[in-house]
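Written out below as structure tokens is the structure these notes cover.
Side chains included, hydrogens not; waters and symmetry mates left out as well; all remaining heavy atoms used.
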Amino acid sequence: MRTHGLRFDVNCSILFTELPLLKRPAAARGAGFDAVEFWWPFAGPVPADHEVDAFIRALDDAGVQLAALNFAGGDLAAGDRGLLSQPDGAAAFRDNIDVCVGIAVRTGCTVLNALYGNRVDGVPEELQDELALENLALAARAAAPGGAAVVVEALNSYDSPRAPLVSSQSALAVINEVRAQGGVSNIAFLADLYHLGKMGEDLPEMLARDAADIAHIQVADVPDRGAPGTGELDFAALFGQIAGQGYTGWIGCEYKPSDPADSSTSFGWR
């Protein structure tokens with residue numbers, strides 16, 4: 001598959017999970033990648049200093065760049081999809097901001113992904129949305145001095161039925177509201193082509209319409225979240241369009257490995 005000189009990184013929270021976390025950056029390097037990205041890689045929102053140091057040392061030892069990092073998002077395996085709009089999770093998110101931004105500064109990471117969070121029973125949607133706007137603005141202000149952008153993505157309602165942001169336009173509405181209310185410019189769109197494709201969006205139209213707002217792209221095929229070429233999306237055409245539009249950022253490989261026991265076999269499409 002032609003990739004038109006685009007830059008790809010490995011999401012080491014979904015690929016290479018057969019290895020201990022600190023060995024994954026080197027495995028990605030061994031598979032031919034110069035950069036990695038992670039969901040929040042620690043058990044809690046404020047890890048011990050030695051844990052952060054060990055994580056950064058693993059990146060340095062492997063010789064890979066940290067292209068993107070998620071803020072703490074709760075227990076993703078248990079169904080959490082972010083803390084920032086959760087009345088019970090907002091304090092943990094705020095505690096996490098300085099740690100996450102600190103890692104970005106030390107590693108040169110310029111994309112920090114803020115997961116919006118599920119709807120909460122008994123909590124008015126307006127209250128959650130106001131809390132989200134406030135916390136996104138706080139995160140963006142904290143990230144700005146280090147040159148990082150905070151990104152917001154849309155999920156899909158099949159995998160995340162309680163997620164409120166399940167379209168590009170719903171995510172962009174939040175982004176534009178934070179820009180207007182919070183007075184920040186370093187908040188942008190993470191275009192996850194798997195989630196958007198699963199929701200039936202016209203991906204070429206979205207990429208053209210929203211190009212100026214996209215700070216990061218992630219890829220997996222539809223419907224099963226496999227590697228490009230394993231499903232329904234025309235990645236050859238999509239990669240051509242992305243390159244033709246002049247996108248210079250990283251594209252995260254955020255898909256399930258073809259062999260969970262050996263993720264290194266999952267990159268034949270390149």
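- Of the inter-residue distances, the one linking L165 atom CG with R81 atom CZ reads 13.5 Å to the nearest 0.5 angstrom.
- Using bins of under 30°, 30° to 60° and over 60° for the plane-to-plane angle, the ring pair F239/F235 lands in the tilted bin.
- Atom-to-atom distance recorded for L190:CG and E254:CD is 8.0 Å, nearest 0.5 angstrom.
- Proximity of a side-chain donor or acceptor of R141 to a complementary backbone N or O of G182 within less than 3.5 Å is detected.
- Separating the CG atom in L133 from the CD atom in Q181 is a distance of 5.5 Å, to the nearest 0.5 Å.
- The shortest heavy-atom contact between A28 and V36 is CB-CG1, 3.6 Å.
- Outside the 6.0 Å centre-distance limit, the rings of Y194 and Y255 are not counted as a close aromatic pair.
- No side-chain donor from either of S263 and S266 sits under 3.5 Å from a side-chain acceptor of the other.
- For the side-chain contact (heavy atoms from CB on, under 4.5 Å) test with Q218, the passing option among D9, L193, N11, I251 is N11; the others fail.
- Under 4.0 Å is where a charged nitrogen must lie from a carboxylate oxygen, and between D129 and R119 at least one such pair does.
- In this structure, R270 satisfies the cation-pi test against F33, with its NZ or CZ atom closer than 6.0 Å to the six-membered ring centre and inside 45 degrees of the ring normal.
- Between E153 and F189, the shortest heavy-atom distance links the atoms CA-CE1, 4.4 Å.
- Minimum interatomic distance between L69 and P41 (heavy atoms only, all atoms of both residues): CD1-CD, 3.8 Å.
- Of all heavy-atom pairs spanning A114 and L136, the tightest one is CB-CD2, 3.6 Å.
- Summarising the geometry, atom CG belonging to L66 is positioned 5.5 Å from atom CG belonging to L59; distances are rounded to the nearest 0.5 Å.
- The ring-ring contact (aromatic ring centres under 6.0 Å, His included) test with F71 singles out one residue from F93, F38, F42, and that residue is F93.
- Here the two rings, on F267 and F8, have centers that are 6.0 Å apart or farther.
- A distance of 9.5 Å separates CG of D210 from CD of Q245, quoted to the nearest 0.5 Å.
- Of all heavy-atom pairs between S160 and L155, the closest is OG-CD1, 3.9 Å.
- Counting only heavy atoms from C-beta outward, the side chains of P47 and W40 approach each other to under 4.5 Å.
- Looking at R162 and D121, a side-chain N of the basic residue comes within less than 4.0 Å of a carboxylate O on the acidic one, giving a salt bridge.
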